[in-house]
Asker: 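After the structure tokens below, expect a handful of questions from me.
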Number of protein chains: 2
Amino acid sequence: MGNKEIQEQRIKSYFIEATKEILKGEGLKSLSVRNIAERAGYSYATLYNYFKDVKDLIFECVVDFHEECEEFVKTETKKSQSGPGKIKAIAKAYVKYFIQYPGIFELFFLEKTTELANKQPTIKLIYSFLDKLSEDEWEYCIKTKIVSAADASIMKDTVHYAIIGMLLFYINRREPGTYKEFFEKIETQLNYILKVK
Amino acid sequence: MGNKEIQEQRIKSYFIEATKEILKGEGLKSLSVRNIAERAGYSYATLYNYFKDVKDLIFECVVDFHEECEEFVKTETKKSQSGPGKIKAIAKAYVKYFIQYPGIFELFFLEKTTELANKQPTIKLIYSFLDKLSEDEWEYCIKTKIVSAADASIMKDTVHYAIIGMLLFYINRREPGTYKEFFEKIETQLNYILKVK
DNA sequence: TTATATATTTAACAGTGTTAATATAATGAA
DNA sequence: TTCATTATATTAACACTGTTAAATATATAA
């Protein structure tokens with residue numbers, strides 16, 4: 001019967017919600033099993049009845065954040081009209097999401113996950129995410145001959161790599177020193193890579 | 001008298017060498033105070049007579065690795081003649097160094113260091129390092145009108161951000177799956193950003 | 001040699017993730 | 001309802017982590 005599974009899923013969600021709150025707030029560094037369990041209203045060992053280990057729990061959050069980010073980017077860029085401008089808008093919204101939640105950036109890109117072989121699809125989801133968000137726009141640019149398919153393939157990667165690099169420096173190394181400077185640099189970089197303006 | 005200081009520096013170096021060995025081998029994850037001390041031939045508490053804390057010790061390693069990387073890049077690119085080709089060669093050597101020692105990449109870019117206000121110069125050293133390695137070549141390109149000063153400033157950043165992004169994906173997320181693919185991508189990206197070939 | 005100063009180590013504390021044993025709650029049958 | 005069984009939750013413990021205070025060993029000076 002499904003009642004057991006519904007209840008089980010419900011308790012799992014308490015742990016997941018607690019973990020997501022901590023990740024969005026204090027970040028990965030202040031995440032601990034006892035911390036999560038306290039917020040979820042259970043003892044720390046109870047967590048292991050519902051998750052293999054804490055990594056398992058954390059990776060369930062990844063999927064949720066992923067969906068949240070996708071929705072954020074879509075609503076943020078809804079009014080942009082197709083073309084390189086929209087690709088820029090998508091990239092900027094993507095950046096904004098991680099600036100809002102640096103803990104999620106940490107989780108997505110900085111945390112060691114190589115030992116989680118079974119979670120490989122989730123990892124793939126992360127690094128192909130920006131591509132997925134902007135693939136329609138790239139196709140549009142190719143079809144309308146704004147850019148060649150070969151160039152598009154390279155530019156798509158450049159945008160992604162450069163953005164992650166900038167986020168890494170800004171979030172982890174405070175460079176540039178202010179958000180204003182950072183976002184201007186994002187703008188400059190996107191303009192250069194996408195050859196706009 | 002300087003004898004005391006020489007001896008003190010000598011013992012410090014034992015800890016530093018031990019830490020460097022672990023970082024180059026097993027990496028940051030298997031670095032611990034007891035681990036370091038054992039390899040240095042001292043008890044774990046002795047470390048605190050020579051370093052404020054373990055972060056202090058680790059940051060002394062950063063300076064050493066920095067010098068080692070600089071030398072590696074210089075010998076690797078000695079025969080390249082000035083111009084965009086040499087900038088490419090420098091970037092590729094820079095990448096090779098971190099591929100050889102992923103633990104050092106972790107240490108330089110992934111480790112949280114925001115709470116170390118006094119070490120700010122060291123942090124600045126890290127993120128301005130590639131710029132420093134290639135600044136002469138950029139000046140050359142500007143003087144010989146290969147590129148404008150304005151473009152050079154942007155391209156310099158793009159190269160750096162994109163390379164760090166690619167290293168992050170490859171080292172931390174195993175994307176692309178093979179070194180061959182990874183290095184081909186480095187080549188492709190550099191060619192696009194630097195407008196060569 | 002003895003007294004003092006210095007250097008090193010051991011013991012302890014407050015954390016971490018995880019597991020085994022125990023206690024509690026829910027469920028079934030008599 | 002009462003008892004036995006099962007499922008779930010909690011406490012205790014283990015092996016780690018970085019760090020500090022007290023105890024010990026070593027070197028220096030009188």
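When reading the values below, keep in mind they use all heavy atoms of this one structure, side chains included, and skip hydrogens, waters and symmetry mates. Order of the sequence lines fixes the chain letters, A, B, ..., with proteins taken first and strands second; residue numbering starts at 1 for each chain.
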Asker: NA contact type, L57(A), heavy-atom cut-off 4.0 Å: base, sugar-phosphate, or nothing?
Answerer: nothing
Asker: Specify the separation, in whole Å, of atom NZ of K12(A) and atom C1' of dA9(D).
Answerer: 17 Å
Asker: What nucleotide among dG17(C), dA9(D), dT9(C) has an atom nearest to a side-chain atom of T46(A)?
Answerer: dA9(D)
Asker: What about Y44(B): does its side chain form a donor-acceptor pair under 3.5 Å with the base of dA11(C)?
Answerer: yes
Asker: Please classify the nucleic acid contact of I36(A) as base, sugar-phosphate, or nothing, using heavy-atom distances under 4.0 Å.
Answerer: nothing
Asker: Do the charged groups of K88(A) and E187(A) touch, with an N to O distance under 4.0 Å?
Answerer: yes
Asker: Counting neighbours of CD on E26(A) that are heavy atoms of other residues, nucleotides or ligands and sit closer than 6.0 Å, is the number greater than 12?
Answerer: yes
Asker: Can you measure N35(B) atom CG to dA15(D) atom P for me and round it to whole angstrom units?
Answerer: 18 Å
Asker: Mind calculating the distance between CD1 (I11(A)) and P (dA26(C)) to the nearest angstrom?
Answerer: 11 Å
Asker: Quick one: Q7(B) CD to dA7(C) C1', roughly how many Å, whole number?
Answerer: 11 Å
Asker: Under 4.0 Å between a side-chain N or O of Y50(B) and OP1 or OP2 of dT8(C)?
Answerer: yes
Asker: Within this structure, what is the CG-to-P distance between D56(B) and dT19(D), rounded to whole angstrom?
Answerer: 10 Å
Asker: Picking from dA9(D), dT9(C), dG17(C), which would you name as closest to the side chain of Y42(A)?
Answerer: dA9(D)
Asker: Flag the pair F108(B) / F129(B) as yes when their ring centroid distance falls below 6.0 Å, and as no otherwise.
Answerer: no
Asker: For the side chain of R34(A) and the base of dG15(C), is some donor closer than 3.5 Å to an acceptor across the two?
Answerer: no
Asker: Taking the minimum atom-to-atom distance to the side chain of S43(B), which one of dG18(D), dT10(D), dT9(C) wins?
Answerer: dT9(C)
Asker: Is the distance from the ring center of F65(B) to that of Y101(B) below 6.0 Å?
Answerer: no
Asker: What is the distance, rounded to the nearest whole Å, between atom OH of Y48(B) and atom P of dA23(D)?
Answerer: 21 Å
Asker: Any idea which of dG18(D), dT10(D), dG17(C) is nearest the V54(B) side chain?
Answerer: dG18(D)
Asker: In whole angstroms, how far is the P atom of dT17(D) from the CG atom of L47(B)?
Answerer: 13 Å
Asker: Listing request: all side chain to side chain donor-acceptor pair (under 3.5 Å) pairs with a residue in residues 135-149 of chain A, at least two apart in sequence or in separate chains.
Answerer: S82(A)-E137(A)
Asker: From CG of N49(B) over to C1' of dT20(D), roughly how many Å is that when rounded to an integer?
Answerer: 11 Å
